[in-house]
Amino acid sequence: MRIGVDFGGTKIEAAALDEAGAFAARIREPNPGTYDAALRLVAELIARVEAEVGPAQSVGLAIPGSPSPRTGLIRNANSTYLNDRPLAKDMQAALGRPVRLANDANCLALSEAADGAGAGAASLFGVILGTGCGGGLVIDGRLVEGAHAVAAEIGHISLPWPSADEAPGPACWCGLHGCLETWISGVGFQRDHEAVTGRTWTAQAIVDAARAGDAGAAAALDRYIDRLGRGLAMVVNFADPVVFVLGGGMSNVAELYDRLPDIVARHAFSDHWDGRIVPAKWGDSSGVRGAARLWGD
């Protein structure tokens with residue numbers, strides 16, 4: 001039995017997977033939003049899961065950001081109260097056992113490559129399109145984290161092939177401008193629509209209005225799909241994955257899967273591109289499932 005924990009911005013989920021990869025127990029609670037309270041909640045959730053299924057062999061944690069290989073401290077988390085904290089060390093002390101941590105997008109990619117929408121593919125690039133934007137790369141079933149554990153961080157690469165009105169781009173919380181996250185996250189989609197129309201709508205409201213024929217909303221959706229397609233084409237040009245798996249709230253927009261392939265093919269440095277772009281099989285449970293798999297088989 002393996003336990004995974006998904007440390008989301010709004011919720012924390014703990015789940016146990018049996019040897020076949022099926023859920024044996026799952027519990028979700030709202031994220032309290034402070035470091036010490038979140039540590040206590042993670043420990044409580046794991047205890048509740050183990051009360052249902054018995055002691056687990058391992059615990060993995062999917063987090064925003066990632067631990068620095070040099071210091072062990074968390075960096076690059078948009079849940080900024082995690083940054084500069086020794087989360088792995090503190091969790092191990094709270095639980096009395098080793099814990100492995102990985103970026104939440106890496107966990108999504110690992111889950112979907114193991115038994116999800118990209119199962120059997122030689123290479124997979126996972127993208128979370130939610131409050132932020134993260135990426136994860138799996139090749140031959142193995143997670144690629146890179147020399148500094150920042151491989152596949154698509155959200156903080158600049159929007160490729162920008163037009164004049166897209167440069168230098170919005171300010172990003174990381175301190176730079178024009179990061180893909182500021183354009184292709186759900187928040188970025190809402191910001192762009194508001195900047196053009198003056199309307200403060202949710203992402204779902206914009207999509208619904210676009211489908212109903214609203215010109216401003218339809219134009220915002222067109223811009224979003226074009227920018228996302230350019231971002232994925234850039235990934236093709238440096239990693240060329242067999243399949244892209246999309247997660248997060250914006251991955252539920254059905255129009256993406258019909259329209260993105262043509263945009264990617266137009267920008268890819270190739271005479272043809274016939275890769276796949278699919279939604280995550282496990283939806284918002286991909287993170288917790290990937291976390292449970294961080295210890296391997």
Side-chain angles (χ1 to χ4, degrees), residues 4-9 13 15 17 21 60-69 74-79 82 100-157 174 179-181 184-186 228 231-251 256 260 264 275-297:
V5 177
D6 186 12
F7 198 108
E13 178 178 6
L17 299 185
L61 188 63
I63 62 167
S66 62
S68 165
I74 303 303
R75 76 279 163 87
N76 302 336
N78 55 10
S79 295
L82 293 176
R100 287 187 179 173
L101 273 62
N103 176 262
D104 50 8
N106 285 353
C107 289
L108 174 140
L110 188 61
S111 170
E112 293 295 324
D115 62 357
S123 56
L124 175 151
F125 198 97
V127 184
I128 294 180
L129 302 168
T131 304
C133 172
L137 176 63
V138 174
I139 297 177
D140 293 331
R142 297 179 65 86
L143 186 63
V144 178
E145 295 186 277
H148 303 91
V150 293
E153 283 286 8
I154 185 176
H156 295 279
I157 297 172
C174 75
C179 292
L180 267 172
E181 180 169 294
I184 65 173
S185 64
L228 176 56
L232 298 186
M234 178 176 58
V235 174
V236 171
N237 288 348
F238 72 75
D240 200 13
V242 172
V243 58
F244 287 98
V245 177
L246 308 184
M250 292 301 293
S251 71
L256 300 185
L260 282 171
V264 174
R276 293 188 291 133
I277 304 173
V278 295
K281 174 181 176 179
W282 297 109
D284 65 358
S285 291
S286 288
V288 77
R289 293 178 65 84
R293 296 183 180 278
L294 287 175
W295 288 87
D297 295 322

Task: Residue pair L246 / L260, side-chain heavy-atom distance below 4.5 Å - done: yes
Task: Minimal non-hydrogen separation, A151 against N106, with atom names - done: O-OD1, 4.5 Å
- [ ] Begin from the C-alpha positions of V150 and H156 and carry the test side chain to side chain contact (heavy atoms under 4.5 Å, CB included) through to its verdict.
- [x] CA-CA 10 Å; V150 293; H156 295 279; over 6 Å; no
Task: Evaluation steps, side chain to side chain contact (heavy atoms under 4.5 Å, CB included), between E112 and V243 - done: CA-CA 10 Å; E112 293 295 324; V243 58; over 6 Å; no
Open item on the list: Would you compute the distance between atom CZ of F244 and atom CG of L256 and round it to the nearest 0.5 angstrom?
Closed with: 13.0 Å
- [ ] Could you grab the distance from atom OG of S185 to atom CG of L180, nearest 0.5 Å is fine?
- [x] 10.0 Å
Open item on the list: Closer than 3.5 angstrom, by distance alone: can the side chain of R75 be matched with the main-chain N or O of S66 as a donor-acceptor pair?
Closed with: yes
Task: Atom pair CG/CD1 of N76 and I63 - distance to nearest 0.5 Å - done: 10.0 Å
Task: Under 3.5 Å donor-acceptor, E181 side chain and G132 backbone - done: no
Task: I184 CD1 to M250 CE distance, which is reported to the nearest 0.5 Å - done: 10.0 Å
Task: Sequence-distant partners of S123, side chain to side chain contact (heavy atoms under 4.5 Å, CB included), two or more places apart - done: I139, P241, V242
- [ ] Mind listing the closest non-hydrogen atom pair of D104 and A62 along with its distance?
- [x] CA-CB, 4.0 Å
TODO: Taking all heavy atoms of A280 and all of S286, pick out the closest pair and write down the distance.
DONE: CB-OG, 3.9 Å
Open item on the list: Which heavy atom of L232 sits nearest to which heavy atom of I277, and what is that distance?
Closed with: CD1-CD1, 4.1 Å
TODO: Give, for atom SG of C133 and atom CG of L228, the distance between the pair rounded to the nearest 0.5 Å.
DONE: 8.0 Å
TODO: Kindly say whether L108 contributes a backbone atom to a donor-acceptor pair with the side chain of W282 at under 3.5 angstrom?
DONE: no
Open item on the list: If you compare all heavy atoms of V138 against all heavy atoms of L143, which two are closest, and at what distance to 0.1 Å?
Closed with: CG2-CD1, 4.0 Å
- [ ] Look up atom CG in L129 and atom CD1 in I154, then write down how far apart they are to the nearest 0.5 Å.
- [x] 8.5 Å
- [ ] Looking only at non-hydrogen atoms, find the nearest pair between E13 and S285 and report the distance.
- [x] OE2-OG, 4.1 Å
Open item on the list: So does G4 get a backbone contact from the side chain of R293, meaning a donor-acceptor N/O pair under 3.5 Å?
Closed with: no
